[in-house]
Amino acid sequence: MKSLNVLAAALVLALPAGHAQAANVLVILSDSDHLDLRDDRVFPTGFYLNELMQPVKRFIDAGHQVTFATPSGLAPTVDRGSLDPMYFGGDAGALKVHQELLDRLALTRPTHSPVLSLARVEQIGYGQFDAVYVPGGHAPMQDLLSDPALGRLLADFHRRGKITALVCHGPIALLSTLPANSAFIAALADGKTPQPPSGWIYAGYRLTVISNQEEELAKGALQGGRMKFYPQTALEAAGAHHVGNATPWAANVVIDRELITGQNPASANDVAEAMLERLD
């Protein structure tokens, strides 16, 4: 029998008998419950349920430990638009299972959430974690793309060649490692195309992220608002090689060295599978 225990404010799963050594997967979420759009408009958002909970359930079922963190240690917010069976293959039962697991973990409860701050993660030591996973939803576009503590963590994982996985809007977090990060992001927000910065650790990597085409197809969800820039545009401007799928919303996973990226919500399970293959 598996049991969940909070240990040092992290989620730790007891291993089933006979299981090999567990890995510790660090799951990083945004603190934000909104995304600032153009024209001073605001879009309420957070993480996508399936992009977080499908991989987390698979990590737990495989006997691995999971630790959750946000930049400031605040409880993350679920994007209400993601509470839909369509993100679970139309299976309302699967949606319920993952919602119930989220509730048991108490991640979104402001006074009971087990999430750590990234400062606490740094204090514990990056060496305590075997893989990092960043799910999407629009929220990472608000804070993870420019968080310096996240940049230090990702740079450490890059140096050590440790599993770094991100899905949908999550790969925008890779920009946190950019030199002159603030100026680069400000230029994008102003509608400019900044020059590729020198020394970006992911320059030349093949990766995927929610595509410009998919952003255009989904822009109705913003209720007339407009994003300041799209993540595909930003990552390509930084020097990454974007590899998109042929059919919008079809699953697409790209693996290059330590980096595992998934394009959209349909890619979350495949990203988890790729991570588990490397963790075994």
Side-chain angles (χ1 to χ4, degrees), residues 28-52 70-71 74 76-84 86-87 134-147 150 166-178 180-197 200 202 207-250 252 261-268:
I28 297 178
L29 298 135
S30 169
D31 276 329
S32 185
D33 62 0
H34 71 278
L35 175 64
D36 292 330
L37 305 174
R38 293 194 179 278
D39 303 320
D40 296 322
R41 301 187 66 163
V42 175
F43 175 61
T45 187
F47 63 84
Y48 260 43
L49 180 70
N50 84 294
E51 294 176 18
L52 172 64
T70 61
L74 301 176
T77 301
V78 63
D79 189 310
R80 305 298 298 179
S82 71
L83 306 181
D84 192 307
M86 71 176 179
Y87 295 110
V134 183
H138 286 83
M141 298 286 295
Q142 185 70 20
D143 58 356
L144 296 190
L145 78 171
S146 58
D147 189 87
L150 179 56
L166 316 91
V167 71
C168 201
H169 289 85
I172 199 68
L174 300 173
L175 294 187
S176 65
T177 64
L178 271 177
N181 174 284
S182 297
F184 184 86
I185 293 170
L188 289 167
D190 287 340
K192 301 174 183 175
T193 302
Q195 290 295 315
W200 188 39
Y202 299 109
L207 56 77
T208 193
V209 68
I210 186 168
S211 68
N212 290 351
Q213 181 185 17
E214 288 166 332
E215 292 280 21
E216 283 293 309
L217 291 171
K219 66 182 180 181
L222 300 179
Q223 302 172 344
R226 295 181 300 135
M227 292 174 64
K228 294 180 179 179
F229 55 86
Y230 288 158
Q232 177 187 337
T233 298
L235 290 166
E236 288 180 326
H241 176 59
H242 181 259
V243 182
N245 55 22
T247 304
W249 308 119
N252 180 37
T261 49
Q263 182 168 331
N264 47 37
S267 307

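Quick caveat: nothing in here was measured; it's all calculated off a predicted structure.
Atom-to-atom distance recorded for R41:CZ and Q223:CD is 7.5 Å, nearest 0.5 angstrom. Atom CG in L166 sits 9.0 Å away from atom CG in L207 (nearest 0.5 Å). Summarising the geometry, atom OG1 belonging to T208 is positioned 10.0 Å from atom NE2 belonging to H241; distances are rounded to the nearest 0.5 Å. Atom-to-atom distance recorded for Q142:CD and D31:CG is 11.0 Å, nearest 0.5 angstrom. For the atom pair I210 CD1 and W249 CH2, the distance stands at 4.0 Å (nearest 0.5 Å). The CG atom of L222 sits 5.5 Å away from the CG atom of L37 when rounded to the nearest 0.5 Å.
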Quiz item: Run the side chain to side chain contact (heavy atoms under 4.5 Å, CB included) check on R80 and V78 step by step: do they pass?
Solution: CA-CA 6 Å; R80 305 298 298 179; V78 63; 4.2 Å; yes
Exercise. Dump the intermediate steps for side chain to side chain contact (heavy atoms under 4.5 Å, CB included) on H242 and V209, then the final yes or no.
Key: CA-CA 8 Å; H242 181 259; V209 68; 3.7 Å; yes
Practice problem: Please test I185 against F229 for side chain to side chain contact (heavy atoms under 4.5 Å, CB included), starting from the C-alpha separation and ending with a verdict. | Solution: CA-CA 9 Å; I185 293 170; F229 55 86; 4.2 Å; yes
Quiz item: Step by step, would you call Q263 with E214 a side chain to side chain donor-acceptor pair (under 3.5 Å)?
Solution: CA-CA 10 Å; Q263 182 168 331; E214 288 166 332; 3.1 Å; yes
Quiz item: Could you go step by step and tell me if D39 and R226 meet the salt bridge (charged side-chain N to carboxylate O under 4.0 Å, His left out) rule?
Solution: CA-CA 8 Å; D39 303 320; R226 295 181 300 135; 3.4 Å; yes
Exercise. Start with the C-alpha distance between S30 and D143, add both sets of side-chain angles, then the distance that settles side chain to side chain donor-acceptor pair (under 3.5 Å), and finish with yes or no.
Key: CA-CA 7 Å; S30 169; D143 58 356; 2.8 Å; yes
Exercise. Would you check, one step at a time, whether the test side chain to side chain contact (heavy atoms under 4.5 Å, CB included) holds for Y202 with T177?
Key: CA-CA 9 Å; Y202 299 109; T177 64; 3.6 Å; yes
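Contact between A250 and A266 at its shortest, heavy atoms only, is C-CB, 4.5 Å. Residues F184 and P197 share a closest heavy-atom pair of CE1-CD, 3.9 Å. Nearest heavy atom pair, residue S267 against residue G262, reads CB-CA, 3.8 Å. Pairing each heavy atom of L188 with each of P194, the nearest pair is CD2-CD, 3.7 Å. The two atoms that bring E216 and Y230 nearest to each other are OE2-OH, 2.7 Å, heavy atoms only. Pairing each heavy atom of F43 with each of A221, the nearest pair is CE1-O, 3.2 Å.
Between the side chains of S176 and D147, no donor-acceptor pair of N or O atoms lies under 3.5 Å.
Every pair tested for side chain to side chain donor-acceptor pair (under 3.5 Å) that includes a residue from residues 182-196 fails, sequence neighbours excluded, so the list is empty.
Between H169 and H138, the angle of the ring planes lies from 30° to 60°, which puts this pair in the tilted group.
Annotation: side chain of T70 is not in contact with side chain of I28 (no heavy-atom distance under 4.5 Å). Taking 4.5 Å as the limit, every side-chain heavy atom of P71 sits out of range of all side-chain heavy atoms of L150.
Looking only at distances, a side-chain donor or acceptor of N252 sits under 3.5 Å from a matching main-chain atom of V243. At distances below 3.5 Å, not a single donor-acceptor pair connects side-chain atoms of S32 with backbone N or O atoms of A139. The closest donor-acceptor contact from the side chain of Q232 to the backbone of N212 lies under 3.5 Å. Looking only at distances, a side-chain donor or acceptor of R38 sits under 3.5 Å from a matching main-chain atom of A189.
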